[in-house]
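First up is the structure itself, then whatever we jot down about it.
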2 protein chains.
Amino acid sequence: MLENKVRELRARFKMTQSDLAKKVGISRQTIGLIEKGDYAPSVLLALKIAQAFETTVEDVFYIK
Amino acid sequence: MLENKVRELRARFKMTQSDLAKKVGISRQTIGLIEKGDYAPSVLLALKIAQAFETTVEDVFYIK
DNA sequence: ACAAAATGACAACAATAGTTTACATTTTGT
DNA sequence: ACAAAATGTAAACTATTGTTGTCATTTTGT
């Protein structure tokens, strides 16, 4: 399955779900669902999230 | 918007759309649509495509 | 030139991503 | 302890991703 480090990275950057949501242009709830692992975002959103954390998509999202 | 190098990479690896589709587990038509730039795949599929070309998501898909 | 393989394109559809609204629960700061 | 901020969750919904089937067109190999 697909897993991700969004929650850890967000903590490291001291951002709330709302902060991140605003930064990448989606809703707070969607960030929550992604963190929960409920679904795989589009690659466009994944790229924006990785950029928000100054890292790569592979570093944030990975197949396990 | 989102652009990608799937067509070039696929040529470099001498794969047909069907080859790549089979390798990443989707239909041939979907590869065609992605190459055409019609839509952004899920990050899961993007990861698989990048892996098929032995490279990163950022190298294959980029915001322009 | 010819046949086979590869690609383009479209429609109708199924599955999943992502939205808004709303409310409950948990965490944080003073 | 209290209020405010942050998070969890759910329903109903819209938008987009991805499917299968079909046929036309283009490319490739002999």
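Residue numbers start from 1 in every chain, and the chains themselves are labelled A, B, ... in the order their sequence lines are given, proteins ahead of strands. Note that the structure is a prediction, hence the values are computed from the model and not measured. Computed over heavy atoms, backbone and side chain alike; hydrogens, waters and symmetry mates excluded.
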Open item on the list: For a quick test of reading the model: is some side-chain N or O of R7(A) closer than 4.0 Å to OP1 or OP2 of dG8(D)?
Closed with: yes
Task: Protein-to-nucleotide contact annotation, 5' to 3' order, nucleotides 14-30 of chain D [B base; S sugar-phosphate only; - none; under 4.0 Å, heavy atom] - done: ---SBBBBB--------
Task: Any V6(B) side-chain heavy atom under 4.5 Å of F61(B) side chain - done: yes
TODO: Identify the two heavy atoms, one from V43(A) and one from A46(B), that lie closest to each other, and give their separation to 0.1 Å.
DONE: CG2-CB, 3.4 Å
Open item on the list: Between N4(A) and I49(A), is there a side-chain heavy-atom distance shorter than 4.5 Å?
Closed with: no
- [ ] Go ahead and write out DNA chain C as dot-bracket, 5' to 3': ( ) for pairs within the strand, [ ] for ones crossing earlier pairs, | when the partner sits on another strand, dots for unpaired; Watson-Crick or G-U wobble, both distances under 3.5 Å.
- [x] ||||||||||||||||||||||||||||||
Task: Y62(A)-L44(B) co-clustered via ILVMFWY side chain contacts under 4.5 Å - done: no
Task: Check: I26(A) and K48(A) side chains under 4.5 Å, non-hydrogen atoms - done: no
Open item on the list: For a 4.5 angstrom cut-off between non-hydrogen side-chain atoms, does L20(B) reach F13(B)?
Closed with: no
Task: Any R10(A) side-chain nitrogen or oxygen under 4.0 Å from OP1 or OP2 of dA6(D) - done: no
Task: Whole angstrom value for the distance that separates C1' of dT19(C) from CD of Q17(A) - done: 16 Å
Task: M15(B) backbone acceptor or donor facing R10(B) side chain under 3.5 Å - done: yes
Task: Side-chain donor/acceptor of E58(B) to backbone N/O of V57(A), under 3.5 Å - done: yes
- [ ] Would you tell me if any nitrogen or oxygen in the side chain of K36(B) comes within less than 4.0 Å of OP1 or OP2 on dG8(C)?
- [x] no
Task: Protein-nucleotide distance (D19(B), atom CG; dA6(C), atom C1'), rounded to Å - done: 10 Å
Task: L20(A) CG - dT7(D) P separation (whole Å) - done: 10 Å
